[in-house]
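Counting begins at 1 with the first residue of the sequence.
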Amino acid sequence: MPKLIATDLDGTLVRSDGTVSERTVAAVARAEEAGIPVVMVTGRPPRWMHGIARQLGHRGQAICANGAVLYDLHTETIVSRRTIESGLLAEIVGRLRAVLPELGFAVEYGEGFLFESDYNLGRWDARSWGGEAVDDDAALTARPATKLLALHPPTDMEELLLRAHEAIGELVTITHSSGRALLEISALGVTKASALSDYCAERSLTPADVIAFGDMPNDLPMLTWAGHAYAMGNAHRDVLAAVPLHTASNDQDGVAQVLESLLDASA
């Protein structure tokens with residue numbers, strides 16, 4: 001039996017319609033009743049977490065923004081954060097503009113976000129509070145941020161990642177997790193795995209104590225760090241290739257299926 005369950009949200013615990021099924025809620029509750037904490041490890045910023053906190057009964061904690069923010073789901077407050085400093089943000093934006101002038105930028109702070117006026121907001125951002133449009137790089141990079149987002153018009157994601165790594169790869173951590181050509185940029189060394197490792201170390205847990213679930217490339221550091229990991233049936237091809245264990249898709253409650261099996265076997 002694991003001593004901690006770490007799960008991604010979108011495409012993993014959350015169904016395609018944005019809900020968490022009753023079956024999954026029950027499996028999470030059952031795991032916690034058995035003394036196994038469940039930690040949500042997500043690319044989402046905290047401002048996207050209210051609905052999840054409500055659906056899961058305000059249980060536990062979440063690692064948000066690809067590892068940059070620790071968030072308490074009981075109180076819906078930020079516990080800690082790791083940021084990209086203002087001066088470095090300005091350098092990153094400048095370097096990326098020089099090689100990829102089509103990029104549009106936005107920055108996440110945890111509580112809110114700024115975006116360029118021509119940045120194409122996704123469906124979540126468009127309905128989330130705290131956003132403000134800005135028209136110059138000085139305003140965009142004026143304060144430390146938990147995550148820098150760089151959106152390109154539809155293009156080959158692998159080529160976009162390669163060019164971004166060539167431009168700024170020694171300064172920050174770059175990943176992606178959506179169907180859009182969207183670079184997600186965190187402070188150097190900040191990943192889902194680094195944050196989960198710190199979280200577990202504070203509780204005297206090792207990778208062998210952890211079971212993890214995910215579906216996208218930003219989950220790979222966590223999935224390869226955890227002692228036991230499952231790729232969702234709907235996962236990105238790179239995740240399916242890298243993670244030997246697979247479960248059903250998010251719409252088939254793949255996480256719940258594994259948890260139920262584990263809990264039934266230990267009963």
Side-chain angles (χ1 to χ4, degrees), residues 1-46 48-64 66 71 73-74 76 122-124 176-179 192-193 196 199-200 207 209-267:
M1 286 293 291
K3 295 181 181 178
L4 184 139
I5 298 159
T7 178
D8 174 50
L9 289 177
D10 299 294
T12 301
L13 199 75
V14 178
R15 289 186 162 194
S16 300
D17 64 2
T19 65
V20 181
S21 72
E22 291 184 5
R23 180 180 182 181
T24 295
V25 171
V28 168
R30 187 178 166 195
E32 294 197 331
E33 288 164 4
I36 310 169
V38 181
V39 179
M40 315 301 159
V41 189
T42 178
R44 289 188 184 200
W48 289 5
M49 295 299 291
H50 175 69
I52 292 295
R54 185 183 67 251
Q55 289 183 71
L56 294 174
H58 296 272
R59 292 185 178 91
Q61 291 186 316
I63 292 168
C64 296
N66 289 330
Y71 188 70
L73 294 173
H74 295 274
E76 296 193 50
R123 63 185 178 91
W124 279 97
H176 69 105
S177 65
S178 74
K192 290 187 175 188
L196 184 60
Y199 185 91
C200 288
D209 296 320
V210 179
I211 185 170
F213 300 86
D215 72 306
M216 288 297 286
N218 66 326
D219 295 316
L220 274 173
M222 172 179 72
L223 295 174
T224 54
W225 175 87
H228 310 277
Y230 283 84
M232 306 303 293
N234 54 288
H236 187 281
R237 63 182 182 276
D238 292 347
V239 177
L240 290 169
V243 180
L245 297 176
H246 299 170
T247 185
S249 74
N250 62 323
D251 288 331
Q252 296 170 316
D253 300 321
V255 174
Q257 289 187 34
V258 174
L259 297 186
E260 289 165 354
S261 183
L262 288 170
L263 292 163
D264 288 345
S266 69

Pairwise salt bridge (Lys or Arg N to Asp or Glu O under 4.0 Å) hits with a residue in residues 21-34, at least two apart: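 Applying salt bridge (Lys or Arg N to Asp or Glu O under 4.0 Å) to every pair that reaches into residues 21-34, excluding sequence neighbours, yields R23-E260, R30-D264, E32-R59.
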Interatomic spacing from [atom1] in [X] to [atom2] in [Y] - rounded to 0.5 Å:
X: I63; Y: D8; atom1: CD1; atom2: CG; value: 12.0 Å
X: R44; Y: N66; atom1: CZ; atom2: CG; value: 12.5 Å
X: L13; Y: L56; atom1: CG; atom2: CG; value: 6.5 Å
X: T24; Y: Q55; atom1: OG1; atom2: CD; value: 10.0 Å
X: L9; Y: S177; atom1: CG; atom2: OG; value: 11.0 Å

Is a side-chain donor or acceptor of [X] paired with a backbone partner of [Y] at a separation under 3.5 angstrom?
X: K3; Y: D209; value: no
X: Q257; Y: Q252; value: yes
X: H246; Y: A231; value: no

Below 4.5 Å, heavy atoms only, C-beta onward: do [X] and [Y] meet side chain to side chain?
X: L259; Y: F213; result: yes
X: N250; Y: D10; result: no
X: L262; Y: I211; result: yes
X: L220; Y: K192; result: no

Contacts of type side chain to side chain contact (heavy atoms under 4.5 Å, CB included), residue H236, not counting sequence neighbours: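 H176, M216, P217, D238, V239.
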Can you give me the closest heavy-atom contact between [X] and [Y], atom names plus distance?
X: G214; Y: L223; value: N-CD2, 3.7 Å
X: A193; Y: W225; value: CB-CB, 4.0 Å
X: M1; Y: I36; value: CE-CD1, 3.2 Å
X: A62; Y: M49; value: CB-CE, 3.7 Å
X: N234; Y: G11; value: ND2-O, 2.9 Å
X: M222; Y: A6; value: SD-CB, 4.1 Å

Criterion side-chain contact (heavy atoms from CB on, under 4.5 Å) on I52 and V20, from CA distance to verdict: CA-CA 8 Å; I52 292 295; V20 181; 3.8 Å; yes
Verdict with supporting geometry, L196 and L4, side-chain contact (heavy atoms from CB on, under 4.5 Å): CA-CA 10 Å; L196 184 60; L4 184 139; 4.1 Å; yes
I'd like to know if the side chain of D251 pairs up with that of S249 as donor and acceptor (distance under 3.5 Å, no hydrogens or angles considered). no
Does the side-chain contact (heavy atoms from CB on, under 4.5 Å) test come out yes or no for L73 and Q61, once each step is laid out? CA-CA 5 Å; L73 294 173; Q61 291 186 316; 5.7 Å; no
With sequence neighbours left out, the residues meeting side chain to side chain donor-acceptor pair (under 3.5 Å) with D215 are T12
